[in-house]
Protein chains: 2
Amino acid sequence: MPTTGRRERKKAQTRRALSEAALRLFSEHGYDGVTVAQIADEADVSIATLFAHVPDGKEALIFDDGAERRVWLVAAVRDRPSGQSVLEALRRCMAARGPFTDDLSPELRHKRDLIVRTPALREYSRKLWIAGEGALAEAIASESGRDPSDMTVRALARYVLEIPELAGAEPDPLAALNAIFDLLEAGWGGG
Amino acid sequence: MPTTGRRERKKAQTRRALSEAALRLFSEHGYDGVTVAQIADEADVSIATLFAHVPDGKEALIFDDGAERRVWLVAAVRDRPSGQSVLEALRRCMAARGPFTDDLSPELRHKRDLIVRTPALREYSRKLWIAGEGALAEAIASESGRDPSDMTVRALARYVLEIPELAGAEPDPLAALNAIFDLLEAGWGGG
DNA sequence: TCCAAAACTATAATCGCTATGGATTCAGAT
DNA sequence: ATCTGAATCCATAGCGATTATAGTTTTGGA
């Protein structure tokens, strides 16, 4: 039974305290206006403990490990309705999640804005998405009868995973997302 | 007369001494095995001077400011032979330069390998490419009668500029580059 | 020749992050 | 209930990149 010890509960609790302290302080003073020492203080742990919980460093404090995103994407591709194209499945999946839907709690909206307007956080968010490139490429390859090392497949996966960073800062992110998927589907053309 | 003082000559000389010292030491001990203090010593300047010459930090030491790249790309798009498509012009431009051509001096080849195998340097190289996104988007928009803020144009510019990082590490970079340009031109399709 | 800008310097400080070594707490076996 | 090993936590010290400060030297031009 993996998830039922007091130990794991406390661990998750500390991790959440760190996340919340970081988000609160970042929102109040800006990302660069907060030191990891302040965050550790606010969460009432030592700096060493902070880094034990968040080995990827300061930027990772307000993110999870990105495993969920990877699972969604691969599942969206593999379990899509029959007859639906891979790109269509990915388009719907991304449109529903991430920075593209508008029915978010005010806190999440606020967090998204913080990420979009803070370069270090934007870059780390991109890194998390791109960490799923291999998995997504495998899923796409498997569904389209190509080799996962096929550069076309890898490039498509990469380009899809870059969409959040590319479209996230637009005035109408959803319209931007659709424009980019249209481009990936039909290409730029010979003009 | 912009470029003819002893001052500017000495400045360029110091900058090159830093570049060469950094490249030599990185090659010998690896990027993480070298401190900026060692590089400053090797170039016989103080640490403060090093950062005065290279405000972007350690990774920027072995790169120029990327202005050249931007000029090539924009020129390639704007001055292309009549009848040639924008993407074809970009394909040829990138294939001829950067990590894609094979007639390089051994030093440049060695430098390229160092960059490809060092994450921090790879990321900074990408950053330099992407810094040209705005300029490239404007050129593409101008040549295709679209608006420079059109998301399709911006996405295309971004995707083209990501090709070096995406294809640079492949066994056959040139083939990879062509595969990606084919994808951008024709799209993935509805399959 | 003289002056202001530019380049350089040493020094000290900040900040993110890691290493060490020891104390505490927990899970599971006896 | 107790023992034991692992996990967690902590204080401390330290490293490396980067910035700030303040003073010195060099250079270009009036």
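Just so it is clear, the structure is predicted and the values come from calculations on it, not from any experiment. Convention: sequence-line order gives letters A, B, ...; per-chain numbering from 1.
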Asker: Go through the steps to decide whether T101(A) and R97(A) satisfy the test side chain to side chain donor-acceptor pair (under 3.5 Å), and finish with yes or no.
Answerer: CA-CA 6 Å; T101(A) 173; R97(A) 310 248 177 194; over 6 Å; no
Asker: Considering only residues two or more places apart or on different chains, which pairs with a residue in residues 128-140 of chain B satisfy side chain to side chain donor-acceptor pair (under 3.5 Å)?
Answerer: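 Listed once each, the pairs are E133(B)-R154(B), E133(B)-R158(B).
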Asker: Measure from NZ or CZ of K58(B) to the centre of the six-membered ring of Y31(B) and say whether it is under 6.0 Å with the direction within 45° of the ring axis.
Answerer: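 Yes, K58(B) lies over the aromatic ring of Y31(B).
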Asker: Parallel, tilted or perpendicular: which describes the rings of Y159(A) and Y159(B), with under 30° parallel and over 60° perpendicular?
Answerer: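 Aromatic pair Y159(A)/Y159(B) classed parallel.
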Asker: List, by chain and then residue number, the residues other than V71(A) in its hydrophobic cluster (Ile/Leu/Val/Met/Phe/Trp/Tyr, side-chain heavy atoms under 4.5 Å); write none if there are no others.
Answerer: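 Besides V71(A), the cluster holds no residue at all.
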Asker: For residues 23-37 of chain B, which residue pairs qualify under salt bridge (Lys or Arg N to Asp or Glu O under 4.0 Å), counting only residues two or more places apart or in two chains?
Answerer: R24(B)-E42(B)
Asker: If the cut-off is 4.0 Å, is K10(B) near the phosphate of dA7(C), judged by side-chain N/O to OP1 or OP2?
Answerer: no
Asker: Is R91(B) salt-bridged to E185(B), going by a charged N under 4.0 Å from an acidic O?
Answerer: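 Salt bridge present between R91(B) and E185(B).
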Asker: Tell me, do W188(A) and S85(B) make a side-chain contact under 4.5 Å, heavy atoms counted?
Answerer: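 Sidechains of S85(B) and W188(A): no contact.
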Asker: What are the bounds, 5' to 3', of the part of DNA chain D that sits under 4.0 Å from heavy atoms of chain A?
Answerer: dA6(D) to dA11(D)
Asker: Below 4.5 Å, heavy atoms only, C-beta onward: do L61(B) and H53(B) meet side chain to side chain?
Answerer: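 Side chain of L61(B) against side chain of H53(B), heavy atoms only: no contact under 4.5 Å found.
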Asker: Indicate yes or no: at least one non-hydrogen side-chain atom of V160(A) is less than 4.5 angstrom from one of I140(A).
Answerer: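 The answer is no; the side chains never approach within 4.5 Å.
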Asker: Need one value for T35(A): base, sugar-phosphate or nothing, where a base atom within 4.0 Å counts as base even if backbone is also close, heavy atoms only.
Answerer: sugar-phosphate
Asker: Does anything in residues 14-33 of chain B reach DNA chain C, meaning a heavy atom under 4.0 Å, and if so which residues?
Answerer: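 Result for residues 14-33 of chain B: T14(B), sorted by number.
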Asker: Under 4.0 Å, counting only non-hydrogen atoms across every strand here, what does R7(A) touch: a base, just sugar-phosphate, or nothing?
Answerer: base
Asker: Quick check on DNA chain D: between R6(B) and A37(B), whose nearest nucleotide comes earlier from the 5' end?
Answerer: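 It is A37(B), whose closest nucleotide lies nearer the 5' terminus.
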Asker: Tell me which residues in residues 47-55 of chain A lie within less than 4.0 Å of DNA chain D, going by non-hydrogen atoms.
Answerer: A48(A), T49(A), H53(A)
